[in-house]
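Below, each value reflects all heavy atoms present in this structure, side chains not excepted, and no hydrogens, waters or symmetry copies. One-based numbering, in listed order, for ligands and for the atoms of each.
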Amino acid sequence: MKETVILDKKFREMIPGDVISKRIDVMAEEINRDYSGKDVVFLGILNGAFLFAAELFKRINLKAKISFVKLASYEGTKSSGSVKELIGWNEDIKNMHVVVIEDIVDTGHTLELIVGELKVRKVADIRVATLLFKPKAYTKKIPVNYAGFEIPNDFVVGFGLDYDGYGRNLPSVYTLIK
Ligand code: 5GP
């Protein structure tokens, strides 16, 4: 059993890199089939989705573009607490077919925010591709169309996901040893 240490925590390998790679092959095949003949914009959510987005996108054989946005926290001037906004939009996506690429969907708050922003921009339709999905934590109704792996409600790192900024370069997904 492969283990790794990041800062003060220990993690155990949960999904090996070669298994992830094969699963992404299948996800890309599905997307290529579902969007056959269509013009698609992939929208990666930074930072975590950068690796999955790259691996997925290079397997896409459609007429496709890719763009990335980032969720930034800022202190609201009037309201208390931190508010999240999406930064980095530079693509005109009106009337486009959009595939949102997430590293992990947990509660779905992030996804809801992104989908809300896309609807404002009047895209043709939206689907969601995520490498990891925590169905037990999910509280939203937005369909998660392409989910790589359903995982328990535990903290994971690797393949783009971090613990305090570290661990994104791990080629497998690791779960926290409690
Ligand atoms: P949600 O908005 O769906 O609750 O959470 C989405 C974001 O929370 C992800 O994009 C990711 O940044 C973070 N997140 C949720 N679960 C995990 C996890 O197990 N590990 C890591 N590294 N990040 C997570």
Side-chain angles (χ1 to χ4, degrees), residues 1-17 19-21 23-24 27 31 41-57 66-76 79 81-89 91 98-121 126-178:
M1 207 48 101
K2 274 196 215 165
E3 289 186 3
T4 189
V5 174
I6 303 173
L7 302 174
D8 59 338
K9 302 216 184 309
K10 265 187 167 182
F11 295 85
R12 183 184 304 115
E13 190 181 56
M14 186 171 79
I15 314 170
V19 175
I20 297 174
S21 183
R23 181 71 187 115
I24 300 175
M27 294 173 84
I31 294 170
V41 174
F42 288 80
L43 190 70
I45 313 303
L46 295 174
N47 289 327
F50 77 99
L51 247 183
F52 173 52
E55 288 297 318
L56 184 69
F57 194 62
I66 189 163
S67 194
F68 291 89
V69 290
K70 186 171 176 134
L71 265 180
S73 294
Y74 66 95
E75 294 302 316
S79 59
S82 79
V83 184
K84 288 199 159 176
E85 71 167 343
L86 276 166
I87 55 170
W89 292 96
E91 202 69 51
V98 180
V99 178
V100 175
I101 308 181
E102 274 267 35
D103 51 352
I104 187 163
V105 175
D106 185 8
T107 63
H109 290 315
T110 310
L111 192 58
E112 190 173 63
L113 205 148
I114 292 155
V115 167
E117 291 277 343
L118 287 168
K119 285 187 174 158
V120 169
R121 286 167 169 82
I126 306 160
R127 283 193 189 172
V128 179
T130 185
L131 178 66
L132 304 171
F133 181 37
K134 293 181 179 173
K136 290 214 171 80
Y138 196 58
T139 59
K140 309 293 174 190
K141 294 216 167 65
I142 300 161
V144 177
N145 310 90
Y146 309 99
F149 301 91
E150 293 194 353
I151 62 166
N153 244 347
D154 300 321
F155 186 75
V156 294
V157 295
F159 214 89
L161 290 118
D162 74 308
Y163 167 48
D164 216 2
Y166 294 97
R168 295 192 195 275
N169 50 327
L170 291 165
S172 304
V173 170
Y174 286 73
T175 186
L176 179 67
I177 301 173
K178 288 168 198 158

S.K.: Distance under 4.0 Å, heavy atoms only, partner ligand 1: which residues pass?
M.R.: Glu102, Asp103, Ile104, Val105, Asp106, Thr107, Gly108, His109, Thr110, Lys134, Asp154, Phe155, Val156, Leu161, Asp162
S.K.: Can you sort out the partners of Glu13 under salt bridge (charged side-chain N to carboxylate O under 4.0 Å, His left out), two or more places apart, ordered by chain and number?
M.R.: Lys2
S.K.: Compare all side-chain heavy atoms of Val156 with those of Phe149 and state whether any distance is below 4.5 angstrom.
M.R.: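 Val156 does not reach Phe149 side chain to side chain.
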S.K.: For Asn153, what residues pass the side chain to side chain contact (heavy atoms under 4.5 Å, CB included) criterion, not counting sequence neighbours?
M.R.: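 Expected list: Asp106, Lys134, Lys136, Ala137.
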S.K.: Can you tell which of Leu170, Leu176, Asp164, Val173 makes a side-chain contact (heavy atoms from CB on, under 4.5 Å) with Val157?
M.R.: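 It is Leu170, the one option of Leu170, Leu176, Asp164, Val173 that forms the side-chain contact (heavy atoms from CB on, under 4.5 Å) with Val157.
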S.K.: For Arg23, check salt bridge (charged side-chain N to carboxylate O under 4.0 Å, His left out) against everything at least two apart and list the hits.
M.R.: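 Arg23 satisfies salt bridge (charged side-chain N to carboxylate O under 4.0 Å, His left out) with no residue once adjacent residues are dropped.
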S.K.: Does any N or O in the side chain of Asp162 come within less than 3.5 Å of the main-chain N or O of Gly167, such that one atom is a donor and the other an acceptor?
M.R.: no
